[in-house]
Amino acid sequence: MRFDDLATALGATISDPGRIELLEAEGVPALADWLAGQTSVGASIVFDDPRPRRGTAQAFAIAGADGRVVAGMGETAADALRREVEGRGLQLVAHEAKPILVARFAAEPDAAATKVEFDTQIAAYILNAALRSQSIADVVAERLDLVLPPPKELEPVHRAGLEALSALAVRDPLARALQEEGLERLFREIELPLIPVLARMESTGIAVDLDALAVLDREFGAEISRLEDEIYGAVGHQFTIGSPKQLGDILFEELRLPKGRRTKTGYSTDAAVLEELVGVHPVIQPVLDWRIYTKLRSTYVETLPSLIAEDGRLHTTFHQAVASTGRLSSSDPNLQNIPIRTPLGRRIRSTFVAGSPETVLVAADYSQIELRIIAHVSGDEHLKEAFAKQADIHRETAARVLHKPPGEITADERSMAKMVNFGLAYGMSDFGLSSRAGISRQEAQEFINSYFAAYSGISYYMLHIKETARRQGHVTTLLGRKRSIPELHAANAALRGAGERMAINMPIQGTAADIQKIAMIRVADRLAADGFGARLLLSVHDELLLEVPREEVDRLIPVLRETMEGALPLDVPLTVDVKAGTDWESMTPVSRRDAILAEADEAPVDALAG
DNA sequence: TCGATCACGTA
DNA sequence: CACGTACGTGATCGTA
């Protein structure tokens, strides 16, 4: 009855969406014979609101290998069809399968995940991570030379139907491309197994203390009013403090303060510029404070409560096909940028809590994972040895660079070494180091020269990666994840420089992402296999956050640590720092070793003291 | 209404 | 020449 070829079927369905069979819930049993003949189906779900635990399904469609497409219209029929597919153990082929799994977990929290046989969005991303997430229309255009109508112009059922069939139709071309590029294992062994782990995390969500946020809202509001009065008083009139243009005009023309950097459109008024003017005029400090308070209030204190779902928890969406290095990203809300650096910010972090008195939060961080990856990929003997010794890595670095015993390294010297250790992964220049360390460009250049002399393996690696990247047009991680960097061949020197920094950074950041993803999959497996009630909540690049029944904590921690540390054996040990607490701010190390690690591994410093 | 710009939160 | 990577969000402002 149908088509030999899915591309032909898709072409016909684009021309005539009427060939998508619309289904009521009562019509589902009649699909029995057809479904019995399928092992996997193309599938797509369309929500009125894509955020987990927010919207309801408007349509769910499946497509068969024969080109037949059926769609459940409305929530009841969509759910019925989805359950039928799940109940039969059919595997999914979808362009973004995660929301289909989230829909199942929302309805049945303890259900097993539906098997995802292929995700075309992730395949397209693995094949070209340099592009931002690709729509199904992009993939259909590239692989089949067909044009899908814009989703907005379609009824939900027609959209779901076309997407389900499209996913099935582009599956084979994408699978062949993955094979040809040697990306099959990355796709099958990391990215696909990660999907149900992320779906479960999104569905679980994280608890937030609304009362505590309300207290912060009042407090921040009062402080902002006070600062506004102070700012207007110091300037002599009102203006829009949040407008960089107005602020720049007032500071640099009306008040004639010394001008700092310029932006494309006028004077820069960013924190680095304003910091230089503190003490020059009384308006500066209150403006800086006002920025901090209003940023925290508008981004977190006011917004988070509006995003809490009916279960009282926040459900982020993790994006698995966005970041060009292989990292995950998080949005609506972004729970990967919850403040931690400042005391005020930490008060916001403290409103993220364990969901019940019987549970605690457990955070496990990889310690200096990127620098360890640099040690591994560069093969630098001295850096490898420093990690093998489990020494204070920044002190060790300073000692080696400056030819002094570690015991004689001053705080400033250690701080400088730390900045270089962190800057290394970004392709930092003498200019960058000088401006951050508050030293001359020449001093910065000298320190970097000494650094590369002391760690010649790293020096060689940096040259090597740039050369390899130029020759091949792409760079890869340890697991073969690829990013092409066309900027490396740009005529414009600035663009080319940017390309070189991307080439340096991607294998490091991307390998860390590979490791984190392996760890997530294995931790999730162990939680299930060993009967833990603990649940993964968040992944913040090199940290995993879990919600754990109190009585499980002692049993879980060694499992967590060993699973993460063993995710990918390198030439240096990976170490994981574990903390526990009732909120995300007041986390205390669970062993003496963790206390030491936490101490040695704080965020990069921005400037030297004094 | 939307996009560009600036600014700033995280790893 | 610009001057460290990767993200997402909110406010402002000029534009369609």
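Because only heavy atoms are used, hydrogens play no part in the values below, and waters and symmetry mates are left out as well, while side chains stay in. Order of the sequence lines fixes the chain letters, A, B, ..., with proteins taken first and strands second; residue numbering starts at 1 for each chain.
- Residue A:Ala425 is out of contact with every strand shown, counting any heavy-atom pair closer than 4.0 Å.
- Here the nucleotide nearest the side chain of A:Thr303, chosen from B:dT10, B:dT5, C:dG10, is C:dG10.
- Distance, A:Met462 CE to C:dT5 C1': 12 Å, rounded to whole Å.
- Comparing the P positions of B:dC6 and C:dA2 gives an interatomic distance of 14 Å, to the nearest angstrom.
- Screening residues 282-301 of chain A for salt bridge (charged side-chain N to carboxylate O under 4.0 Å, His left out) gives A:Arg297-A:Glu302 as the qualifying pairs, with residues at least two apart or on separate chains.
- Qualifying ring-ring contact (aromatic ring centres under 6.0 Å, His included) partners for A:Phe352, counting only residues two or more places apart in sequence or in other chains: A:Trp584.
- Nucleotide C:dT5 holds its P atom 16 Å from the CD1 atom of A:Ile465, rounded to whole Å.
- Among the atoms of the strands shown, only primed sugar atoms or phosphate atoms (P, OP1, OP2) are found under 4.0 Å from some heavy atom of A:Ser324.
- When only modelled atom types and interatomic distance are considered, A:Ser135 and A:Asp138 share a side-chain donor-acceptor pair under 3.5 Å.
- Here ring pair (Phe, Tyr, Trp, His ring centres under 6.0 Å) pairs that include residues 265-301 of chain A, with residues two or more places apart or in two chains, are A:Phe220-A:Tyr293, A:Phe252-A:Tyr267.
- Checked against C:dC7, B:dG9, C:dT9, the side chain of A:Asn337 finds its nearest nucleotide in B:dG9.
- The distance from atom CG of A:Asp270 to atom P of C:dC3 is 13 Å, rounded to the nearest whole Å.
- In terms of the side-chain contact (heavy atoms from CB on, under 4.5 Å) criterion, residue partners of A:Glu230 (sequence neighbours excluded) are, by chain and number, A:Arg226, A:Leu227, A:Pro286.
- Within 4.0 Å of A:Arg496, counting heavy atoms only, lies no atom of the nucleic acid at all.
- Rounded to whole angstrom, the span from the CD atom of A:Glu585 across to the C1' atom of B:dG9 amounts to 16 Å.
- Between A:His541 and A:Asp430, the residue whose closest nucleotide on DNA chain C is further toward the 5' end is A:Asp430.
- If you measure from atom CD of A:Glu370 to atom C1' of C:dC7, you get 13 Å, rounded to the nearest angstrom.
- A:Ile504 comes within 4.0 angstrom of no nucleic acid atom, judged by non-hydrogen atoms across all strands.
- Between the A:Lys98 side chain and the A:Thr317 main chain, no donor and acceptor come within less than 3.5 Å of each other.
- Nearer the 5' end of DNA chain C, as judged by each residue's closest nucleotide, is the contact made by A:Gly427, out of A:Ser330 and A:Gly427.
- The nucleotide whose nearest atom lies closest to any side-chain atom of A:Arg132 is, among C:dC7, C:dA6, C:dC1, C:dC7.
- If you check every strand for non-hydrogen atoms under 4.0 Å, A:Arg441 touches a base.
- The side chain of A:Met502 lies closest to C:dT5, out of C:dT5, C:dT9, B:dT5.
- Surrounding OH of A:Tyr460 are at most 12 heavy atoms belonging to other residues, nucleotides or ligands under 6.0 Å away.
- Scored by the ring-ring contact (aromatic ring centres under 6.0 Å, His included) test, A:Tyr451 finds A:Tyr455 as partners (sequence neighbours excluded).
- At a threshold of 4.0 angstrom between heavy atoms, the contacts of A:Arg483 are confined to the sugar-phosphate backbone, with no base atom among them.
- The side chain of A:Asp332 has C:dT9 as its nearest neighbour among B:dT5, B:dA7, C:dT9.
- Residues satisfying the side-chain hydrogen bond (donor to acceptor under 3.5 Å, both in side chains) criterion with A:Ser203, sequence neighbours excluded, are A:Arg53.
- Using C1' as the reference atom, C:dC1 and B:dA7 are 24 Å apart when rounded to the nearest Å.
- Taking a 4.0 Å limit (strictly below) on heavy-atom distances, residues 508-521 of chain A reaches DNA chain C at A:Gln509.
- Using a cutoff of 4.0 Å between basic side-chain nitrogens and carboxylate oxygens, A:Arg261 and A:Asp270 are scored as salt-bridged.
- Among the atoms of the strands shown, none is found under 4.0 Å from any heavy atom of A:Leu424.
- In this structure, the side-chain contact (heavy atoms from CB on, under 4.5 Å) partners of A:Thr263, at least two apart in sequence or on a different chain, are A:Thr265, A:Ser268.
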| note | Once base and sugar-phosphate atoms are separated, protein heavy atoms under 4.0 Å mark nucleotides 11-16 of chain C, 5' to 3', with B, S and - as SSS---
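- Taking atom P in both C:dC3 and B:dT10, the straight-line distance is 22 Å, to the nearest Å.
- A:Arg501 comes within 4.0 angstrom of sugar-phosphate atoms only, judged by non-hydrogen atoms across all strands, and of no base.
- When the nucleotides B:dT10, C:dA6, B:dG9 are ranked by their closest atom to the side chain of A:Asn505, C:dA6 comes out on top.
- Nearest to the side-chain atoms of A:Ala494 among the listed nucleotides B:dC6, C:dA2, B:dT10 stands C:dA2.
- A:Arg341 has no side-chain polar atom (N or O) that falls below the 4.0 Å cut-off from OP1 or OP2 of B:dG9.
- Looking at A:His95, its side chain does come within 3.5 Å of a backbone N or O of A:Gln134 through a donor-acceptor pair.
- By the ring-ring contact (aromatic ring centres under 6.0 Å, His included) test, A:Phe187 pairs with A:Phe118, sequence neighbours left out.
- At least one side-chain nitrogen or oxygen of A:Thr263 sits closer than 4.0 Å to the OP1 or OP2 atom of B:dC6.
- In this structure A:Glu585 satisfies the salt bridge (Lys or Arg N to Asp or Glu O under 4.0 Å) test together with A:Arg346, sequence neighbours excluded.
- Between A:Ser331 and the phosphate of C:dG8, there is no side-chain N or O to OP1/OP2 separation shorter than 4.0 Å.
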| request: Convert the base pairs of DNA chain C into dot-bracket notation, remembering that pairs crossing earlier ones are written with [ ] and that bases paired across to another strand are shown as |; include only Watson-Crick or G-U pairs under 3.5 Å. | output: ....||||||||||..
